[in-house]
Amino acid sequence: MWRVIAMSEYTEIEKKWQNRWEKDRVFEADPDPTKPKFFLTVPYPYPNGALHIGHGRTYTVGDVIARYKRMQGFNVLYPIASHITGTPILGIVQRVKDKDEIALEQYRRDLRLYLDTEEEVEAQLQEFVDPWKTVNFFADAISMDFKALGYSIDWRRKFTTGDPIYTQFITWQYQKLNDLGYIQRGAHPLLFCPNCGNPVGEDDLLEGEYAKIKDFNAMKYGFEDGYLVAASLRPETTFGITNMWIHPTATYVWAKVNGEKWVVAEAAVEKLKLQAKEVEVIRSFPGSEIIGKRCRTIHHDREILILPAEFVDVTNATGVVYSVPGHAPWDYIALRDLWDSPSELEKYGISAEEVRNIDIILMIEVEGQGDFMTKDVVERLDVKSQKDVEKLEEATQEVYKVEFYEGTMKENCGQFAGRKVSDVKDDVIAWLREKNRADVFYEPDQRPVICKCGTDVQIAVLEGQWFLDYEGPGWKDRAWDALNSMRIVPELFRSLFESTFNWLAQRPCARKRGIGTPLPFDPEWIIEALSDSTIYMAFYTIAHHITSNELDPEQLTVEFFDYVYLGVGDEKKVSNDTGIDRKLLKTMREEFLHWYPNDQRHTAPSHISNHLSFAIFHHAAIFPKEHWIQCISLNEHVNLEGRKMSKSKGNVIPLVEIPQRYGADVYRTYAISAAEPASLMDFRERDVPSVRNRLRQFVDITGKYSSYEPRAYKGKDSPSPITKWVLSKVNSIIDFATGNMETFKLREYATQVTSEMIRVINQYMRRSEVPEDEHNHTMAYICEKWVRLMAPMTPHLSEESWLNLGGEGLVSFAPWPEADTDLIDPDIEMAQEVVSSTVRDIREIIKLLKDKTPNKAHVYVAPEWMYSAMHMIRKADVPLMVGEIMKLLMSQDEFKKHGKQIKSIVDRIAKENGLWEHSKSAEDEFTVLKDSAEHMSSELGLEVVVHSFENPDYDPQNKARFALPGRVSLYLE
RNA sequence: GCGGAGGUUGCCAAGCCAGGUCAAAGGCGUAGGGUUCAGAUCCCUAUCACGUAGGUGUUCGCGAGUUCGAAUCUCGCCCUCCGCACCA
């Protein structure tokens, strides 16, 4: 006898199977020549705190794939490790040492999830002054979480990126990259705190945490015996220059910059120094001193006036602005202000006449805009003066957007005339550089940016920075080759890879602090966290051999990895040189060859622009083509109750709580069924019970029929129509669910095997006309398939049900069900559709009849010739227009005699805008309805009589003539 | 700014690529009925509006267009979300 399993028992079932899997080491995957292999990876977690349900989504999807592939007969390797490179772990250590109360409280919250008493929490917290104890604690915690969620991981292969053996591996990798010439050294700009003397990352900032670096063009205009250096984001507008702007009361300097004499704002001096310029201040002076003097344009070396402007911000870039009144609202307004109040000019010894004579130069034209767009916009927005900051910003944005994207350089732009502004910008910069008239000046793209120490953050150019040159010889081509031959699911993410590949250039790969591997050729630098995690999937293939044989890190030489990963070198010599047993070496080489390539890498799309692209590049650089990653699959992040999860806001559900709060299988089902991988999932606690209910029904139903022999009634068993129907449906579901798995439509898979399956089963179970034996054996047949369909998603409950059903071995390794196509019959499925639509129609009429309650429903099936007519239209593929269809049908004698009714069918088709589904023949439709009459009667609570059109023995209101294929006519009395 | 995704009936969310069978799947919520000692679960039914015969009307961000026909294709506009390099 079956029984309802109480919720508390779920936890026990889950524990029981987890223990069994672990005890029997069933997911420890070793090379097996009898099976095809499948090597699946997900990124290793970062153990600096407890993981939450969001992380769980990715690992769960990975596990579902792993389990599905296993049932498909693959030898599946699904490993995991811990990533500890970089600064976050050290950050914890530092904050614990500093007794930072806010941070401590957050760590306590995480610790309480795993420890029972406050004493234990405090004791553990004190241990966190040691980075390794921190790492080990959370790495173990995460392992326990993963086990409690039923992940089918091979734990023997775990490691951390701080392990000496891993460090040896990364050393080898960077040696290889260096040999290839892909590592370079040079200057690179980054956010920098002058007070701390360090580069600053997001975590180090008090304000402006999303600031990026913006490059201004420092443009050198000839002035006296040096240059007046103006900063601009639109260097192409230098052809429209009319004058120069200087702030009259701010302090400027003459300074020697890399050997040249420059005039810039005093405030720019320190920035230039930070940006790796040699700066020596010659003298300071107030801006007013040079106002009224002249400097020279770059493109035609003509003299232009230096004028005063209050809007100049000397704290931004060089503090010198060149004026393009034709295309810059600020400049236009400033010039207009001077025209309007020439008295301002006198104190600088400039005549009003001189300023009035400045001709505004228009050098960009935009089709569909007036000649002087800047003026139009300024007037439309009604900008009154330089003080109208907001309106001027708006005008600047608008003019820039239109001119940059739609504008063309006019004939006064020298060699750039006639080209589109958006195309020409880079060329103008190159031209200026070549003439030694432009340099870069970096600024943050927003202000303020404040370091945690309270200092204003600047941009520094650090010399001697190491980077990976993704534009190195041949590298990108190989990477494109890899991407183009790789499967990306969902495919829509491919374009993100493509744009990343396009902009990927030089990327710093080492920094001076944090945990990690020292650069082999410059050990002061530590390889940073994203750069040491690109080909580590290869490390899984041998990690367990290294640890179980207790190899010394010293033994893992470049020669060793060359042999194991690249097959380079002689086994005997490598063995002699490293002291590693020959047989072991061979085993490792073979195991690598067995598992590689990585068949599928699964993670979140936010990794595309960095980690995943790097992984593709580094594989392309180091490994031969047959060892490149085969497929990347992605799933989006998780929101909680409509909001982004954030530890500081406190709205997170930790992974560790899932098994107790919901149950592992419930969570797994939720994570698969709430959203397709490509879309953001919203975890709403309110929806959890409905998932749990579906699983309970799964357990109840499979439990109820576990003692019957599965059997598919067919042919000479003469099953009832509804049994044929349910067998067809169930096999369709198998087909569909398998297809969904293959195409990574996991939500659709989940819907099929839970909701759709339950609905079908419920419909079947309500049919009392099925003989008991037939019903029980059919249900057993369904359950036996169903348990396996569910197994990747609900492994624990499926193991339990599988055991009850008497299945062979573990369901985790049972063969994935295949659809019995002989049992799939669309006509039978369609026929049942007609039955339910008939029931729906009768219900609707009953509702409309209101007070008059009918007790008998007469159902009339359409005549056979109508079915032939419908088939004919379908086959003919004529345009669905009244005339065309009429012509087609009336050409047949068979239909001519029904002219009037043909017209009404055709009208109907026109009105419906197409054909509709119906049974194959009148005979079929009649039989099915007749067989279901009893069922319909009990559903509707009235007697149902089915008549065929050919022989309607009772039709008082002459309704039969309205019947159409698939749409019976009704008469209720 | 650059690149990408998206706006669907109370909420969540399919459909859109391959236009017609779409008043538009499924879930949640709500209402009615059944099961139940009761409650929960579970099952059935309904859930845009109107309608005493299966019908009609108005919907898929807004506005145009293509088409016999548009949630689906094209163009423009508005809005939301995500990534953007030293951050793991």
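In what follows, chains are A, B, ... by sequence order, proteins preceding strands, each numbered from 1. Keep in mind that what you see is a predicted model, and the values were worked out from it rather than measured.
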Could Arg234(A) and Glu403(A) be called an ion pair, given the rule that one side-chain N must be under 4.0 Å from one carboxylate O?
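Salt bridge present between Arg234(A) and Glu403(A).
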
If you measure from the Lys or Arg side-chain nitrogens to the Asp or Glu carboxylate oxygens, is any gap between Lys745(A) and Glu676(A) under 4.0 Å?
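Salt bridge: no.
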
Pairwise [atom1] distance for [N] and [M], with rounding to whole Å:
N       : M       : atom1 : result
rA25(B) : rC60(B) : C1'   : 15 Å
rC12(B) : rG19(B) : P     : 29 Å
rU21(B) : rA13(B) : P     : 25 Å
rG20(B) : rG69(B) : P     : 15 Å

Test of understanding: with ring pair (Phe, Tyr, Trp, His ring centres under 6.0 Å), list the residues that count as partners of [X], not counting sequence neighbours.
X         : value
Tyr764(A) : His775(A)
Phe192(A) : none
Tyr182(A) : Trp475(A)
Phe736(A) : none

Could you tell me the Watson-Crick or G-U partner of [N], where both distances fall under 3.5 Å? Say none if there is no partner.
N       : result
rU30(B) : rA46(B)
rG3(B)  : rC82(B)
rU9(B)  : none
rG19(B) : none
rG63(B) : rC75(B)
rA53(B) : none

May I ask you to say what [X] touches in the nucleic acid, namely base, sugar-phosphate or nothing, with a heavy-atom cut-off under 4.0 Å?
X         : value
Thr85(A)  : sugar-phosphate
Arg494(A) : nothing
Val688(A) : nothing
Ile842(A) : nothing
Phe467(A) : nothing

Only counting residues at least two apart or in another chain, list the ones meeting side-chain hydrogen bond (donor to acceptor under 3.5 Å, both in side chains) with [X].
X         : value
Gln458(A) : Arg447(A)
Asp841(A) : none
Asp687(A) : Arg684(A)
His611(A) : Arg601(A)

Among [options], the one nearest [X] by side-chain distance:
X         : options                   : result
Thr751(A) : rG54(B), rA46(B), rG26(B) : rG26(B)
Arg511(A) : rG26(B), rC87(B), rG54(B) : rC87(B)
Arg507(A) : rA85(B), rG26(B), rG54(B) : rA85(B)
Asp841(A) : rC42(B), rG26(B), rG54(B) : rG54(B)
Gln697(A) : rC43(B), rU41(B), rG54(B) : rC43(B)
Ile845(A) : rA53(B), rU41(B), rA85(B) : rA53(B)

Would you list the protein and nucleotides 3-7 of chain B atom pairs, both N or O, that sit under 3.5 Å from each other?
unit_1, atom_1, unit_2, atom_2, d
rG3(B), O2', Ser499(A), OG, 3.1

Among all residues two or more places apart in sequence or in another chain, which pass the side-chain contact (heavy atoms from CB on, under 4.5 Å) test with Pro518(A)?
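Testing Pro518(A) for side-chain contact (heavy atoms from CB on, under 4.5 Å), a comparison that skips the adjacent residues, returns Thr167(A), Pro523(A).
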
Is there a side-chain contact between Asn762(A) and the phosphate of rC42(B), meaning an N or O under 4.0 Å from OP1 or OP2?
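For Asn762(A), the contact criterion (side-chain N or O under 4.0 Å from OP1 or OP2 of rC42(B)) is not met.
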
Within the pair Arg843(A) and rC44(B), is there a side-chain N or O less than 4.0 Å away from OP1 or OP2?
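Arg843(A) to rC44(B) OP1/OP2: no side-chain N or O under 4.0 Å.
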
Going by distance alone, is a donor N or O of one side chain under 3.5 Å from an acceptor N or O of the other, for Ser531(A) and Glu528(A)?
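A pair is found: one side chain offers a donor N or O, the other an acceptor, under 3.5 Å apart.
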
Which is more 5' along RNA chain B, the nucleotide nearest Ala505(A) or the one nearest Arg694(A)? Just name the residue.
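Here Arg694(A) is the residue nearer the 5' end.
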
Hey, which of these two, Gln763(A) or Trp503(A), hits RNA chain B nearer its 5' end, going by closest nucleotide?
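Counting from the 5' end, the first nearest nucleotide belongs to Gln763(A).
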
A correct 5'-to-3' footprint of nucleotides 71-79 of chain B, with B, S and - meaning base, sugar-phosphate only and no protein heavy atom under 4.0 Å, is ---------

Contact state string [nucleotides 11-16 of chain B, B base, S sugar-phosphate only, - no protein heavy atom under 4.0 Å]:
SSSS--

Suppose we call two aromatic rings close when their centres sit under 6.0 Å apart. Are Tyr470(A) and Phe501(A) close by that rule?
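No, ring centres 6.0 Å or more apart.
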
